[in-house]
Amino acid sequence: MPPIASAALGIAMLAAFLLAGVGITQVRKPDRAVKQRGWLMIAMAVILVANVAIWTI
């Protein structure tokens with residue numbers, strides 16, 4: 001795998017961890033709109049991890 005592709009996958013994993021972390025903090029808040037955004041961030045993190053898993057196989 002070329003170095004630029006490896007770097008892109010690494011950046012995607014970092015983004016997934018950040019999205020999951022921020023999403024979890026927003027899900028804990030009582031506001032409904034903020035909670036929904038948190039769930040969407042967690043869903044995006046799962047999708048990013050799945051994409052990285054597909055590209056590495």
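Please read these numbers as outputs of a predicted model, since none were measured by experiment.
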Joint hydrophobic cluster, Phe17 plus Val52, side-chain heavy atoms closer than 4.5 Å: yes

Closest non-hydrogen atom pair between Met1 and Leu9, with its separation: SD-CD1, 3.6 Å

CE on Met44 to CD1 on Ile47, rounded to 0.5 Å: 6.0 Å

Heavy-atom closest pair, residues Lys29 and Lys35: O-CE, 3.1 Å

Leu48 to Ala12 - nearest heavy-atom pair and separation: CD1-O, 3.9 Å

Transitive ILVMFWY side-chain link Ile11 to Met41, under 4.5 Å: no

hydrophobic_cluster_shared for Val49 and Trp55, side chain cutoff 4.5 Å: yes

Members besides Ile42 in its Ile/Leu/Val/Met/Phe/Trp/Tyr cluster (side-chain heavy atoms under 4.5 Å): Ile24, Val27, Trp39

